[in-house]
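Below, chain A is the first sequence line, B the second, and so on; all start at residue 1. Since this is a predicted model, take the numbers as computed values, not measurements.
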2 protein chains.
Amino acid sequence: MLSKKTKYGLKALTFIAKSDGEDPVRVGEIAQNENIPQKFLESILLTLRKSGLLGSKKGKHGGYYLRKEPSEILMTDVMRVLEGPIAMVPCVSLNFYEKCDDCPDEHECSVHKLMVEVRDSTLSVFRNRTLADLSEV
Amino acid sequence: MLSKKTKYGLKALTFIAKSDGEDPVRVGEIAQNENIPQKFLESILLTLRKSGLLGSKKGKHGGYYLRKEPSEILMTDVMRVLEGPIAMVPCVSLNFYEKCDDCPDEHECSVHKLMVEVRDSTLSVFRNRTLADLSEV
DNA sequence: ATTAATCCTATCAGTTTAATAGGGATTACA
DNA sequence: TGTAATCCCTATTAAACTGATAGGATTAAT
């Protein structure tokens, strides 16, 4: 299941991409338009900024803006920042690999085999989609 | 993330498929071979039985057995029983649909669009894999 | 100065997960 | 007929996670 954090984050990014003026976009404006609790959204945008996807301007007339063109922001990157690993099992994750406690040999594990396929098919979607695709009407 | 319940369930099904004698397979045997807490596994096999995927025999020399040929047990069915919805968002689920609170119109939702694609690509894996594929060496 | 914004930390209630516990019911077989 | 083996069922628990809230510190424009 997709967390609300990720869902809100994707919506916020889309909103910022759509309002592509020069001015940064206020958190309050996004929260209001997308029905997101403002304080919760604040923390989400903060992590997006720390990850490098967003920039921010403090103080009056401040807000958030994209650091790259929407067409250059891959869903793989966004999802890994917001949701974490794309793989369903750590032993199959490219960026967050971890060995399983219970598996003596993961090359003989039936779950492993299946989850590699799921990972690859999910990756093929996220690698071929950018924020530009999301913000199209 | 895949729950341990699902992971253990898949391993257990694979184990039963591999030991395809006539006799039912004991929970204890599966638990020991696959490093799964026995009591936990009991409850998992119980839900698999209630879903119709497994049959059971009580008492001495009892155990669990497959109700269909491994090649006829689709991963879509197994995953839905163990893990629940295959979609990452309820508003995109075929079998567990639910409307989002926050979305006024899901046809204009950027997240919705993306998650439909992820659902379809994941489904294409699960629809084309059966328990027989998992139990191949 | 005042105002409007981001930034940061802490906290909280609710839910879910993984596991454990204890015993009931059923069957094989000596 | 008794006993051991096995599935069946319900309840409980500790830990982790999620979604949200609270309160203020910091920064910048006017």
Side-chain angles (χ1 to χ4, degrees), chain A residues 1-12 16 22-32 34-67 82-85 88-90 96 98 100-102, chain B residues 1-12 16 22-32 34-67 82-85 88-90 96 98 100-102:
Chain A
M1 276 291 145
L2 204 70
S3 66
K4 294 243 176 182
K5 178 183 173 187
T6 302
K7 189 183 176 191
Y8 292 160
L10 285 170
K11 284 190 168 191
I16 297 174
E22 295 301 304
D23 299 335
V25 186
R26 280 176 298 112
V27 175
E29 194 187 342
I30 306 173
Q32 214 170 347
E34 299 291 340
N35 301 307
I36 303 172
Q38 174 152 350
K39 277 291 194 178
F40 192 18
L41 184 56
E42 271 186 33
S43 71
I44 296 168
L45 296 187
L46 219 46
T47 70
L48 284 170
R49 197 217 59 192
K50 285 178 180 166
S51 80
L53 288 169
L54 289 179
S56 69
K57 193 177 169 225
K58 288 185 201 170
K60 203 168 189 176
H61 297 177
Y64 288 94
Y65 54 90
L66 300 175
R67 295 282 299 272
L82 290 172
E83 190 74 5
M88 295 186 85
V89 187
F96 302 83
E98 263 180 71
C100 299
D101 306 340
D102 48 322
Chain B
M1 276 290 146
L2 204 69
S3 65
K4 296 243 178 183
K5 178 182 173 186
T6 302
K7 190 183 175 191
Y8 292 160
L10 286 170
K11 284 190 169 193
I16 296 173
E22 295 301 304
D23 298 336
V25 186
R26 279 177 298 114
V27 176
E29 193 187 342
I30 306 172
Q32 214 171 346
E34 299 292 340
N35 301 307
I36 304 172
Q38 173 154 351
K39 276 293 195 176
F40 192 16
L41 183 56
E42 271 187 32
S43 71
I44 296 167
L45 295 188
L46 220 45
T47 69
L48 285 170
R49 197 216 59 191
K50 285 178 180 165
S51 80
L53 289 169
L54 288 180
S56 70
K57 191 176 169 227
K58 288 185 199 168
K60 204 168 187 177
H61 299 178
Y64 288 94
Y65 54 90
L66 300 175
R67 296 282 298 274
L82 290 172
E83 189 74 5
M88 295 186 83
V89 188
F96 302 83
E98 264 180 69
C100 298
D101 306 339
D102 48 323

**Student:** Under 4.0 angstrom, heavy atoms only, what part of the nucleic acid is K7(A) near: base, sugar-phosphate, or nothing?
**Tutor:** nothing
**Student:** Quick one: is R49(B) getting a side-chain N or O under 4.0 Å of the dC7(D) phosphate, OP1 or OP2?
**Tutor:** no
**Student:** For the pair made of CG in D102(A) and P in dA18(C), what is the distance, rounded to whole Å?
**Tutor:** 12 Å
**Student:** With the side chain counted from C-beta on, respond yes when T6(B) and I44(B) share a heavy-atom pair under 4.5 Å apart, and no when they do not.
**Tutor:** no
**Student:** Less than 4.0 angstrom between a side-chain N/O of Y64(A) and OP1 or OP2 of dC7(C), yes or no?
**Tutor:** yes
**Student:** Which atom names give the shortest non-hydrogen contact between R49(B) and Y64(B), and what distance separates them?
**Tutor:** CB-CE2, 4.1 Å
**Student:** What is the distance, to the nearest angstrom, from the CG atom on N35(B) to the C1' atom on dA18(C)?
**Tutor:** 16 Å
**Student:** Given dC8(D), dC9(D), dC8(C), identify the nucleotide with an atom nearest to the side chain of K50(A).
**Tutor:** dC8(C)
**Student:** Can you tell me the distance, in whole Å, between the CD1 atom of I44(A) and the C1' atom of dC8(C)?
**Tutor:** 16 Å
**Student:** What is the distance from CZ of R26(B) to P of dT26(C), rounded to the nearest Å?
**Tutor:** 22 Å
**Student:** Tell me every residue that passes side chain to side chain donor-acceptor pair (under 3.5 Å) with S56(B), counting only those two or more places apart in sequence or in another chain.
**Tutor:** none
**Student:** State whether K4(B) and D102(A) are salt-bridged, where the test is any N-O pair (Lys NZ or Arg NE/NH1/NH2 against Asp/Glu carboxylate O) under 4.0 Å.
**Tutor:** no
**Student:** Determine the minimum heavy-atom distance between V89(B) and C100(B), stating which atoms define it.
**Tutor:** CG1-SG, 4.4 Å
**Student:** For L82(B) and dA18(C), what is the distance between atoms CG and C1' respectively, to the nearest whole Å?
**Tutor:** 15 Å
**Student:** Give one of base, sugar-phosphate or nothing for G63(A), where a contact means two heavy atoms less than 4.0 Å apart.
**Tutor:** sugar-phosphate
**Student:** CG of L45(A) versus P of dA5(C): gap in Å, rounded?
**Tutor:** 14 Å
**Student:** Grab the two heavy atoms, one from A12(A) and one from L45(A), that are nearest each other, plus how far apart they are.
**Tutor:** CB-CD2, 3.9 Å
**Student:** Identify, with sequence neighbours excluded, every residue that meets ring-ring contact (aromatic ring centres under 6.0 Å, His included) alongside F40(B).
**Tutor:** Y8(B)
**Student:** Which nucleotides of nucleotides 15-30 of chain D have their base under 4.0 Å from a protein heavy atom (B), which only their sugar-phosphate (S), and which neither (-), written as one string 5' to 3'?
**Tutor:** ----SSBBBB--BBSS
**Student:** Could you give the CG-to-C1' distance, from L48(B) to dC8(D), as a whole number of Å?
**Tutor:** 15 Å
**Student:** Expressed as a whole number of angstroms, how long is the span from M1(B):CE to dA18(C):P?
**Tutor:** 12 Å
